[in-house]
Visitor: 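Quick one: this structure, given as structure tokens, is what I'll be asking you about.
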Amino acid sequence: QAKLVGRNTAIFYTPVLETKILRRRHVEESVLLGLAQNRFELHFQPLIEPKSRRVEGFEALLRLTDANGVSISPTEFIPVAEECGEINVIGDWVLKEAIRIAADWPEHIFVSVNLSARQFESGTLVGRIIDLLETHDFDAKRLELEITESLLIDYEDPVTDQLAALRVLGISLAMDDFGTGYSSLGYLWKYNFDKLKIDRSFVSALCEKGCKSREVLDTIVMLGHKLNMKVTAEGIETAEQADAFNALECDHIQGFFYGRPMPVSELAPYLIGNTVLPLIPQEAYPKLV
Ligand code: C2E
Ligand code: MG
Ligand code: MG
Ligand code: MG
């Protein structure tokens with residue numbers, strides 16, 4: 001079954017392609033209507049200092065629910081939002097919400113926000129962030145921005161100045177998903193980042209027998225520290241992994257084991273200064289006691 005598109009182009013619709021096109025249209029529609037219909041929400045995942053196991057910050061993670069009440073993963077809708085340009089208004093909303101919400105937290109807790117490359121295109125990002133910090137009387141030192149290296153690959157030059165300006169304000173810059181790209185090291189010495197977030201693929205390999213990920217992790221942590229960066233490990237899911245990380249000198253750890261991304265309504269127990277994670281019966285994890 002073929003449909004004619006234009007005069008000389010025939011696209012052959014296979015069932016798989018058709019499903020993909022319909023899905024893509026659905027996601028795009030959900031993205032475009034999301035803000036107007038209040039379908040976006042921020043969840044927050046705790047970032048833990050491993051020695052004390054106390055919460056020092058939260059990463060803001062965007063959630064989208066479609067008109068049927070079904071949640072769409074950010075790994076699916078963020079690329080769509082980037083393609084259709086909507087990421088700019090959405091990203092602006094994320095920054096505004098994250099700062100507004102974090103302004104209610106105790107002052108020792110920071111918030112980390114993910115940015116997309118396109119948010120640097122217009123050149124208005126730095127000014128906008130200054131405005132938001134002032135409006136909410138929020139200390140720039142409590143704001144962290146997470147950037148993936150693909151951003152630097154695509155937009156190298158114009159982005160550099162903006163990143164530098166953000167750092168001058170006192171905002172921390174974190175390189176997200178470190179180790180997944182092909183030139184991570186190249187970017188590390190070229191730009192000033194305050195933090196490295198090690199991709200969770202390294203963590204999931206950690207406890208596999210005969211795997212050298214432990215040595216690799218050790219080395220990344222050392223490298224980060226040598227370059228005056230803090231190091232975060234993402235994706236700690238099990239007590240075994242949490243245990244293995246006690247020996248590594250990470251500055252922050254993050255993962256389902258310590259806390260999942262949660263709506264604001266569930267954060268209260270995590271905001272109390274003396275809360276030690278995980279918030280589950282200690283006897284379930286004898287190794288950690
Ligand atoms: P990311 O920035 O690397 O965020 C970490 C992802 O790992 C989150 O997925 C989080 O839920 C997940 N995660 C955390 N701990 C664990 C664990 O122990 N096990 C496993 N399996 N996963 C864990 P999520 O929320 O689905 O977000 C996926 C990606 O979407 C993010 O990766 C980020 O790149 C992007 N994203 C999310 N929110 C935003 C946003 O507001 N703006 C932009 N530009 N991108 C966002
Ligand atoms: Mg992130
Ligand atoms: Mg990450
Ligand atoms: Mg990621």
Visitor: With a 6.0 Å cut-off on ring centres, are Trp105 and Phe58 close enough?
Guide: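 Yes, they do, as the ring centres are separated by less than 6.0 Å.
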Visitor: Using a strict cut-off of less than 4.0 Å between a Lys/Arg side-chain nitrogen and an Asp/Glu carboxylate oxygen, indicate whether Glu97 and Arg100 qualify as a salt bridge.
Guide: yes
Visitor: Does the pair Arg23/Glu28 count as a salt bridge with the N-to-O cut at 4.0 Å?
Guide: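 No, Arg23 and Glu28 are not salt-bridged.
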Visitor: Go through Phe245 and Val221 one step at a time and tell me if the side chain to side chain contact (heavy atoms under 4.5 Å, CB included) criterion holds.
Guide: CA-CA 11 Å; Phe245 266 89; Val221 175; over 6 Å; no
Visitor: Are the charged groups of Arg142 and Glu107 less than 4.0 angstrom apart, N to O?
Guide: no
Visitor: Would you say the side-chain atoms of Arg39 pair up with the backbone N or O of Leu64, donor to acceptor, closer than 3.5 Å?
Guide: no
Visitor: Side-chain contact test, heavy atoms from C-beta onward, threshold under 4.5 Å: evaluate it for Leu279 versus Tyr270 and give yes or no.
Guide: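 The answer is yes; the side chains approach within 4.5 Å.
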Visitor: Look at the side chain of Gln241 and the backbone N and O of Glu237, then say whether any donor-acceptor pair between them is shorter than 3.5 Å.
Guide: yes
Visitor: For a salt bridge (charged side-chain N to carboxylate O under 4.0 Å, His left out) with Arg24, tell me which candidate from Glu18, Glu83, Glu76 qualifies.
Guide: Glu83
Visitor: Any sub-3.5 Å donor-acceptor pair from Asp199's side-chain atoms to Phe178's backbone N or O?
Guide: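 Judged by distance alone, no pair lies under 3.5 Å.
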Visitor: Under a 4.0 Å N-O cut-off, is there an ion pair linking Arg63 with Glu41?
Guide: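 A salt bridge is absent here (no side-chain N lies under 4.0 Å from a carboxylate O).
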Visitor: Is the distance between the ring centroids of His26 and Phe77 less than 6.0 Å?
Guide: no
Visitor: Please determine whether residues Ile72 and Leu32 belong to a single hydrophobic cluster, defined as Ile, Leu, Val, Met, Phe, Trp and Tyr linked transitively by side-chain heavy-atom distances below 4.5 Å.
Guide: no
